[in-house]
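The structure presented is a predicted model; accordingly, all values stated were derived computationally and were not measured.
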Amino acid sequence: MNDSIDRHSKPKLARKAKLQFDSVRSLTLLLLPERVVKLNKTAADILHLCDGKRAIEEITKELELRYSQAGLESEIIEFVRDVSRNGWVEK
Amino acid sequence: MSAIDINPPYALLAELTHRCPLRCIYCSNPLELLAQTSELSTSLWFEVLTQARALGVVQVHLSGGEPLTRPDLDRIVERAAQLGIYSNLITSGLGLTDARAQKLSAAGLSHVQLSIQAADLQTADGIAGIAAFEKKKSAAEFICKAGLPFSMNAVLHRSNLAQVGDIIDLCRAWGAERLELANTQYYGWAMLNREALLPTAAELAQAESVYLQRKSQLQGEMELLWILSDYYEQFPKACMGGWGQLQLTVTPDGTVLPCQAAKAISSLPFENVRQRELSWIWNHSESFNKFRGFEWMKEPCHSCERKEIDFGGCRCQAFLLTGDAANTDPVCCWSPDRPAVDRVLAKVNTPPEKAKFELKFRGDSN
Ligand code: SF4
Ligand code: SF4
């Protein structure tokens, strides 16, 4: 089912998951019922855009603009597949 | 003392009360339950949450006893949400009404974990010591209706292990996204009832194979977790990322523990939030520093390669079974005290299996 994630998918952060900037550690955390995941800047930026409305191609465009960098789509798809396998985002 | 890195904690286990309508035979609360009169007030819990957040806590498990017995629960949830702390309610479901579930959800509750004792009413209520099953079923409906992310958990032991498949089906039917199947850990009331609760090796293996089969069948639909029965393992469970590394517990009266079971270690002095700031307790107290790092370890742990994996196992179990919390967890096959565990296993696994053990319900006087 994860392989069905492509540039048209509109991933959405799972209900049970929350993104929280942590001022103590100066990074964004993904909070889940039984765990806390430290996110790097890019991972946090992608997850913030997983609102169920934006398709991956739009997320990509937005981040390519923000980072002034091209060719990010395959990495983003890979990342979303990964986190969806963990149940942290829904399609 | 050698310099040991102390990192900020991520999670707080807030035991709001020891009061509970259930009387589970494996309750993890201490044998001496704290009375309502000693409980921290609402404003003190607010203070604890504020200090915890400043210290680095981003997740609070609201537990008990039954946290719903506190009428101020939704205000505590609301405060956690305001502070940016993820809140997880660990409940038996008793006392949850439709209105209360809505209120908790509106207050910003992040997740609910509902316990279940067994897959059928008779067995379940027998374990809980009261008629709870139907109320839990309603609680599950209210949780789903309120749109709260929802897990369930079942503590497994001899009287319900054979039902594992049915328990999984039931939790799925009740709407849980996730189910924790936790084999009993032997502290508190469970330690008292140990021989009646411990399954035989064959019963355990059978249940585990059902779990594995269902886990792969339900892949992507429901998350299943299995928490090992450590007595049957060769190596101990890792102590939560290490003593005083990730999490702290505040008990109903404000005592601060490195872990939920630590009160059993009667040789350690514990601090209280009424007297000390949480950050001081986390960083400087004897109880938190005692088993940090590796210097405190004795042999065989001290020179063992696995110490970075399991931290020598569980301090509470070492204390309960050997009388010294600094000893190797006796579950470890290299512990000189392993025979203490093997003797219990031998007793449980020797026929006649139907030997009757007397159960001690939480709340019974001994
Ligand atoms: S000897 Fe100690 S560190 Fe080594 S495996 Fe056993 S408990 Fe773990
Ligand atoms: S000491 Fe034992 S009960 Fe306490 S956290 Fe470690 S493993 Fe768990």
Going by atom type alone, with no hydrogens or angles, which donor-acceptor pairs under 3.5 Å involve a side-chain atom of residues 69-80 of chain A and a protein atom two or more places apart or on another chain?
| from | atom 1 | to | atom 2 | distance (Å) |
| --- | --- | --- | --- | --- |
| E73(A) | OE1 | R7(A) | NE | 3.3 |
| E73(A) | OE2 | R7(A) | NE | 2.9 |

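- For Q185(B) (side chain) and L228(B) (main-chain N/O), a donor-acceptor pair under 3.5 Å exists by modelled atom type.
- R15(A) forms no cation-pi arrangement with W88(A), by the criterion of a distance under 6.0 Å to the ring centre and an angle within 45° of the ring axis.
- For chain A, the option among L148(B), N88(B), L55(B) with the highest count of heavy-atom pairs below 4.5 Å is L148(B).
- Looking at K137(B) and E141(B), no side-chain N of the basic residue comes within less than 4.0 Å of a carboxylate O on the acidic one, giving no salt bridge.
- For chain B, the nearby parts of L31(A) are the backbone and the side chain; heavy atoms of each come within less than 4.5 Å.
- Both the backbone and the side chain of R53(B) have a heavy atom closer than 4.5 Å to some heavy atom of chain A.
- With a 4.5 angstrom heavy-atom cutoff, A11(B) does not touch chain A via any of its atoms.
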